[in-house]
Amino acid sequence: MREEGYISPRQAAVLLWFAVLPTAILFLPALLALRAHQDAWLSVIVATLAAGAVALVVYLLAQRFPHHTLFQYCELILGPVTGKTVALIFVLAFFLLDAVVIREFSEFLVTAVMPETPALFFSLSIVAVAVYAARNGLEVIARCTDFILPLMVTFIAIVLLFATPEMAPRNLLPILENGFRPVLGGALVSWSFLGQIFILAAYGAFVNPPRALRASLISGLLGIAFFLSLVTMGTILVFGSCEAARLTFAAYALARVVSLGQFFERIEALFLAIWVGGVFIKITINLYVVALGLATVTGLKEYRPLVAPLGALNVAMATLLYRNISEIRHDLLLVEPGWTLTWQLILPLFLLVMAWLRGKRRTGI
Amino acid sequence: MKARLRLALALLLLALMLPVLAGCWSRHEIEELAIVMAVALDAVPGDQVRLSVYVAIPRTIAGGPSMGGGGGGEPPKAGEVISATGSDFAQAARRLESLVPRRLLWAQNRVLILGEELARQGLHYLDLFTRERQMRLTTPVLITMGEARKVLELPPGIELMPGTILTGILRNRTTFKVELKDLLAMWEAPGDNPVLPQVVMTPTPEQESREVRSDGEDKGQKGAYKEEGKKTPPEAVAIKGAGAFRDDRLIGWLDERETNGLMWLRGEVREGVITVTLSIQTGGNYPGQEQGQKMGQTITPDQGQGQPAGPVEGQGQNPSQNQARARTQGQASVIFHRASTEVKPRVEGSQVTFNVEIRGNCDLTEATVSLNPDRPEHLLAIQEAVNRAVEERVLAAVRKAQQEIRADIFGLGETLHRSNVRYWRQVQDRWNEEFTRAKIQVKVDLYLNRLGMTNRTPGKTLDIGGKGATQGSTR
Amino acid sequence: MPGPYRKPLRAALFRRRKPPGQQDKQGQSQGSKAQKAPYPPLEAYQLTAELKLNLEQLQRIFAKCSDVVHRDFYLGQAIKAALFYIDGLVDKKLIEDTLMRTLQQAPPQLARELADRTRDLAAVMETIMPLTDVAVVDNMGAVVKHVLDGDTVLLLDGYNKGLALSTRSWEHRTIDEPITESVVRGPRESFIESLRTNTALLRRRLKTPSLKMELVCLGRYTMTNIVITYIEDLADPAVVREVRQRLERIQIDGILESAYIEELIEDNPTSPFPQIDHTERPDKVVAALLEGRVGILVDNTPFALIVPTLFVQFIQSSEDYYERYYLSSFLRLARFVALNIALLLPAAYVAVSTFHQEMLPTNLLVKLASQREGIPFPAVVEAIMLELTFELLREAGVRLPRPVGQALSIVGALVIGEAAVSAGLVSPSMVIVVALTGISSFAIPSFAMAITLRLLRFIMLILAGTLGFYGIMLGLLAILVHLNTLRSFGVPYLAPVTPWNFSDFKDVLVRVPRWAMNSRPSQIGYRDPVRQGAGLKPTPPASSNPPPEEGRS
């Protein structure tokens, strides 16, 4: 059950980046443009600041219980029965989150790339590889990110750079046309993605040394905010806020616009391939956390046997969760913000307060 | 027991992989595809629409080993035009697939051409082209008078296919380019209306003569579509002019000058040439006058059509040999490589004024009137003429838009939106009407910088600016 | 156990080994450290003082071995002695001229001293023994081993000990250029099949007593000598210990090549990727030893093993270090690209042409489409067929004699390619793709890695043919995860990328100049990280002009 490996703080930050960004750059800009029009990028920044609250809670909890995962200190804070129940809630929440991600992934691939292939196929294949990776432990997952991160960053940079001829800065004006309220509305929508940095509470236990978690959190958040706002801004600059709201898959549409000379165009298939790598990490880390959590809650010694069945369940859940993509958008716009707020901010805050009240803390390992 | 579990898992994996072997759903072999290179949309009577596509034939284009030497006589077609009708374009596309032996690949489509009839009905059908995943938002959109399908029936010239011809012309930047995403942006923005470049089919002189010489066949209007199996008439295609929309319906056309003005106002001018007519009025003594005295030659821009100059009537002077060959009326052309347009709206009460400032640098590229640009007044005259020409074009476009089209096709509403949000909120619902009342003031500041490789115009001089230049001639 | 010598049943030799620490039925603890002789009980046979008995036993053991030579003579005309050696393994001239002559002509006084049996045989013999490498043997197992190793065994009547004299000499290949790893610039010596020569090649290059050579003997029937070599100050003692343990746990019939050992001591035997590097070049082994690695030399094969091995080593070649660094860096990058091409090009071609046609520029698309008109197979099948044909051609080229083989494989490939294209069975672009892939896989310095990539290429092809770029990415991700789980003797396989170490990158994709290579690879040479002094970059003198002479401007 206890992971033997340790990851460095830098790898923790990178995992955080991967835990939020891949699906966010795809789905979020359109939703933000819907709410905040041309101020969508401001929403991202505001939402990041708000996500700092989650980061703070996670950090404080991790300081109180160094080298303990979320599921372990739930039990420590609230006692065996309540603690395990709360931990189980977290496990279920991560499980749902993973299913949503898988669903988003297969929806995108079916719609944009290969419409004839049944969506189940995509979910199954990516989860199969994710199971293989999650079984091998956190260290392996973190090492894989060291390869995929440069690819993703380079490609996003290339897309943004080469989409510059199509950008019109006047699309960003007028700034704050309708005041600040749409920005806040957009920030609320972003919350459904940005709050996912909470996952650090689950794998932060394996970061060595625990004090470095602060640096990880900050750099991870900054990285997420930077890229997300860049992509959002890029989408609005290229398409204008009205059109951007219509596009379901923003980063993909951006990649399609890239054209350099007559040769280097229509490269979105490459973007797709690299993006698949990013989502793979996201799915894997979520799956790992779910398996770890379930193993902790039920008191198993090894989490590895749980990974494959949980993967299969996730695929099934993903298929059953929504009926169509309108439901996904509806969910992301209206339901997810509240739900994420609850279990990623309020519940941990409750945990923190209880821990402080009860004076529970652990020093050392 | 562990081995058995492994065996079971392996069998499960194998079973999972079986569907892979059964058929890879999205796989389309490259030779099973019909590559669509250009799409033309038309409206047909009976409330139907017609979708015409130009499908490339790879055999002929690539000239593979099976081709051998080209057959004698007419070159093989590079592609085929296929049409299908339906109540909307998705249906037409479906019907199209029953006409083509291969699967249509829309992803390589180069251009989208709208027919006049269809455009007058609106733009709502374009939803297919944004929703369908193979269509690209960066496809240029053009509009044509009459039927769009005829554009697809262009004969091959330098480029083999109409799609490439059109995109090539667009790349020359003589006109503005509207991609699908720009069209959508123009349409959706409350302060803007769509405007599309126009494709015009013109007969070449060969064809005209052939029409004259032909035996008994009635060609009808130019560009008549011949029956299948016969040679298509050679035609030339040009992209000039524009079609202007109000909201989403085509209302009217702009001719070349107005389109140019439109481009200036929208700031979409890239490279271009402006030709102005000038006329010289000579006066004063000549030659041998002292330096410093006003030479008495003025150059004025001429509003009317320049007449080819004849010998100068003597105006109280000895028509020396030099003067006899001077051209006093002609044209000058300048080329500019970049220019910027800035629109500043100003609201006073309920009157909106747009101050348009156009700035740029240009180079002299041709002067058929005898002039010496080293002299500042000549230079200024050219510059003045150029500025006035541009201003005229812009005003012509504005006039057309305000009076005939009655819609803001310049995006001035959006400019207003960006700077005066409060006023915009009041007028945004009826902006097109407000626009007809708006005042537009144009100030053009194009500076003439360079003169090319030579300075004064060739020919025996009028001694413009110095001693007689008859010495030193080479012959 | 005494008694007539009997050959044990074959099955008994290979009974399943019990875990160490447990006792078997006979009460003997299995898994002892020393490798047992082929006939387990032989060590128990002690030499008797009677020469006749010893000789009888020896002759029974070596019955029907026609190359065993047995020579009786009188030492110093007084003591009966016998020599035992195997013809072909010994230096007969040495035995005849030096040994026999000295011993036969030994002064009789010696014989009288020898009659005094309380004096130690070895000490006495040291006074007249002309040969240098002498060992005392007291049991039959040792005698047999020494004879089989090429030593000459001297048995004396009246002594229950014998002497094993080192007279090893046999025919072997001359030291020539390495066949598989030739370079343009650099030493042209390669290992040969003789272990002692190989260790000598290493000793010549590393003249330090810290270079240790531990001897291990593996293989029941082959009794192959294996040397573990390392530099004591630099190598990780845990790795050395691990190597020794893994070697000693091997219980096998015979070791014919270092590949046998390689497969038996790998960390991840089920992985297709090679985890142990092998080489024919001594300078490569020495370079590895200097980084802190451990080398394994095996008798009867010129290929030495190097552990621990990282993935990046398979795109490094010795020549990189002997040419200028610009060229080396460029070639390294080219090899890295070749690695990717060898793995991905056919798959990418198939994916793009069947799934993502929109990626191609229109002209290319049209050309490809026209080429594929009339080809009866789908692109995937075409690719697999051509790849398999290429593999067969390559394999055939290996079997043929050298001058014919290369020409035949090249000509064969061209001709077959041309014929297939003209017949309309494959498209020319596919032939180009397959040819490029083949060339790229040859550009990879390590044959083992090239083979691995060849296999993986087929898997990627199938994935690409079914799922396009998504399939390729899935395959790459699976490979990536797999690579990240590999360790080679405790060192992560993908160092220095993960765990990230920036300074180690000086030797991965580029080669930084010699004066910048200041530290050893961090995962392996951490015991002594500094390799060379800091300010080694050569700077020319301030001015190469001579100082001005006096009195002149």
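Reminder, nothing fancy here: chain letters follow the sequence lines and each chain counts from 1. Computed from heavy atoms alone, side chains included, the values below leave out hydrogens, waters and symmetry copies. Just so it is clear, the structure is predicted and the values come from calculations on it, not from any experiment.
Salt bridge status for A:Glu166 with B:Lys177: absent, with no side-chain N to carboxylate O gap under 4.0 Å. Ion pairing between a basic and an acidic side chain is recognised when a charged N comes within 4.0 Å of a carboxylate O; B:Arg136 and A:Glu268 show such pairing. Of the charged side-chain nitrogens involved, none lies within less than 4.0 Å of a carboxylate oxygen, so that B:Glu414 and A:Arg170 do not count as a salt-bridged pair.
Heavy atoms from other residues, nucleotides or ligands lying under 6.0 Å from NE2 of B:His337 number more than 12. Within a 6.0 Å radius of CZ in A:Arg135, no more than 12 heavy atoms belonging to other residues, nucleotides or ligands are found.
Looking at A:Val238, the atoms closer than 4.5 Å to chain B (heavy atoms on both sides) sit in the backbone and in the side chain alike. Proximity to chain B is limited to the backbone of A:Thr111, based on heavy atoms less than 4.5 angstrom apart.
Between the CG atom in A:Leu247 and the CG atom in B:Leu137 there is a gap of 6.5 Å [rounded to 0.5 Å]. To the nearest 0.5 Å, the span separating CD on B:Glu188 from CZ on A:Phe239 amounts to 12.0 Å. Interatomic distance, A:Arg256 CZ to B:Thr138 OG1, rounded to the nearest 0.5 Å: 8.0 Å.
Between the side chain of A:Glu243 and the backbone N or O of B:Lys181, no donor-acceptor pair lies under 3.5 Å.
B:Leu184 approaches A:Arg246 most closely through the heavy-atom pair CD1-NH2, 4.0 Å.
Using a 4.5 Å heavy-atom cut-off against chain A, the contacting residues of residues 420-431 of chain B are B:Val421, B:Arg425.
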